[in-house]
Amino acid sequence: MSGETVKLLGHWASPFALRVIWALKLKEIEYEYVGEDLPNKSPLLLEYNPVHKKIPVLVHGGKPIAESLVILEYLDEAWKHNPILPDDPYERAQARFWARFVDEKCMPSIMSAFTKKGEEKEKAAKEARENFKILESGLGKKQFFGGESVGFVDIAAGWIGLWTRMVEEIADVNIIDTAMMPLLESWFQRVLQVPILKECLPPQDKVLERFKGFHKFLTGGSS
Amino acid sequence: MAEVKLFRSWSSSFALRIVWALKLKGVPYDTIFEDLSSKSSLLLQYNPIHKKVPVLVHNGKSIVESLVILEYIEETWKQNPLLPEDPHDRATARFWAQFGDDKVFPPVLDVLRNEGKEQEEGIVKAKESLKYLEEELKGKKFFGGEKIGFADIALGWLAHHENVFEEVTGITLIAEDEFPLLSEWRKTFPDAPVIKENWPPRDKLVTKFQAIREQALVQKLKMAEK
């Protein structure tokens with residue numbers, strides 16, 4: 001099965017596609033990358049992900065898998081080399097919990113802080129800070145969420161410090177509070193020093209420009 | 001023998017997933033029923049972040065979030081697997097379980113808690129999502145194929161709680177002519193062993209969700225008056 005071709009439909013600026021790229025690289029899986037020109041969705045994307053019509057989509061031996069965290073689990077099950085989830089069921093549950101927490105709590109609050117104005121923006125930023133504080137409790141004193149080396153949560157969330165800094169700059173809001181989350185902040189930097197992760201990052205200036213465009217569009221320009 | 005405890009409420013469809021999984025695998029466990037309007041200190045200790053049910057406690061360690069708990073149960077007790085063997089089929093099951101929570105449950109809840117335009121929007125969104133589930137059931141008895149699987153357990157609330165919502169709102173989302181396969185599944189799934197013995201009492205659910213609907217509508221009126 002692992003001999004069949006692997007294709008990834010992604011977008012250069014998408015952190016969700018980045019998760020999958022990181023996992024593919026860490027597991028040394030060869031793949032063909034197909035960059036989508038969003039919002040012009042290709043017929044291929046619509047065929048492979050008719051339900052959500054979103055990237056990333058992994059196509060393995062012609063069969064598609066959608067939703068980035070589902071794809072990560074798939075990669076670990078189809079390729080046993082360099083596992084990204086730990087062996088122990090309880091540790092695996094912890095990893096899944098924190099990855100979900102990032103998607104269900106951290107991301108929406110950061111997005112809110114990015115798109116809202118005035119008091120609502122400050123309220124969202126406070127929530128985002130609190131969510132990061134909670135996320136930090138999952139890291140503790142470890143080097144990475146995966147322990148000594150990068151794991152599931154690091155792959156799922158490793159980009160979030162960088163993205164949040166951009167949100168802070170563009171929306172003029174404070175989310176990463178060093179005093180409040182020292183361990184998480186040092187992880188934000190440490191995780192992106194891992195060579196495989198660092199070299200896959202999209203050009204940050206281009207991402208920033210793109211975010212600025214979104215911000216203008218979503219807020220009418222002012223903060 | 002290892003100690004397994006499940007914190008649940010009598011009505012929670014999310015906690016019901018865990019009841020089904022444990023019973024389908026024949027795992028003995030103790031139940032602690034929570035009154036969610038007055039959460040026990042034990043619940044808050046075991047789930048300090050979300051403060052919700054279900055919580056599974058195994059060997060003193062707590063696991064929360066129902067789909068995470070299901071995976072934990074699957075990996076810890078290997079008998080009667082809920083997920084298929086093939087990685088692609090496993091990904092498909094996970095996809096539909098998540099789809100239910102992300103795209104079906106929210107609009108269905110909107111239909112319950114709203115009226116007028118917002119309710120109409122909820123109906124449209126819910127039916128759009130239900131169409132995908134209908135498609136997925138083609139050629140299958142259950143979402144898991146010949147037998148109940150991970151996705152059936154995750155979507156199981158559609159066969160009971162959603163039915164209650166339909167009675168409370170007077171709005172049928174899953175009509176037989178529109179969703180023949182889903183309608184059939186809604187008859188077959190609740191009748192399966194283990195599933196059928198564990199439904200929360202329907203009349204109590206009707207009362208509960210009637211109250212929830214009334215309260216939600218009152219809240220909306222208050223907001224509109226501000």
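Remember, predicted model here, so these are calculated numbers, not experimental data. Labels below follow one simple rule: chain letters A, B, ... track the order of the sequence lines, proteins then strands, and each chain is numbered from 1.
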Specify which of Glu65(B), Lys61(B), His50(B) makes the most heavy-atom pairs with chain A at under 4.5 Å.
Lys61(B)
Below 4.0 angstrom, N of the basic side chain to O of the carboxylate: do Glu121(B) and Lys117(B) qualify?
yes
Check each atom of Arg96(A) against the heavy atoms of chain B and say whether the ones under 4.5 Å are side chain, backbone, both or neither.
both
With a 3.5 Å cut-off and no angle check, do the side chains of Arg8(B) and Ser12(B) form a donor-acceptor pair?
no
Pick one of side chain, backbone, both or neither for Lys131(B), based on which atoms fall under 4.5 Å of a heavy atom in chain A.
neither
The interface call for Gln98(B) against chain A, heavy-atom contacts under 4.5 Å, is side chain
Which residue out of Glu71(B), Lys103(B), Glu135(B) racks up the most heavy-atom pairs below 4.5 Å with chain A?
Glu71(B)
Would you call the rings of Phe99(B) and Phe95(B) parallel, tilted or perpendicular, taking 30° and 60° as the class edges?
parallel
Trp185(B)-Asp152(B) side chain donor-acceptor pair, cut-off 3.5 Å
yes
Looking at OG1 of Thr164(A) and CZ of Phe188(A), how far apart are the two atoms once the value is rounded to the nearest 0.5 Å?
5.5 Å
Any idea which of Glu67(A), Gln94(A), Lys63(A) has the most non-hydrogen atom pairs under 4.5 angstrom with chain B?
Lys63(A)
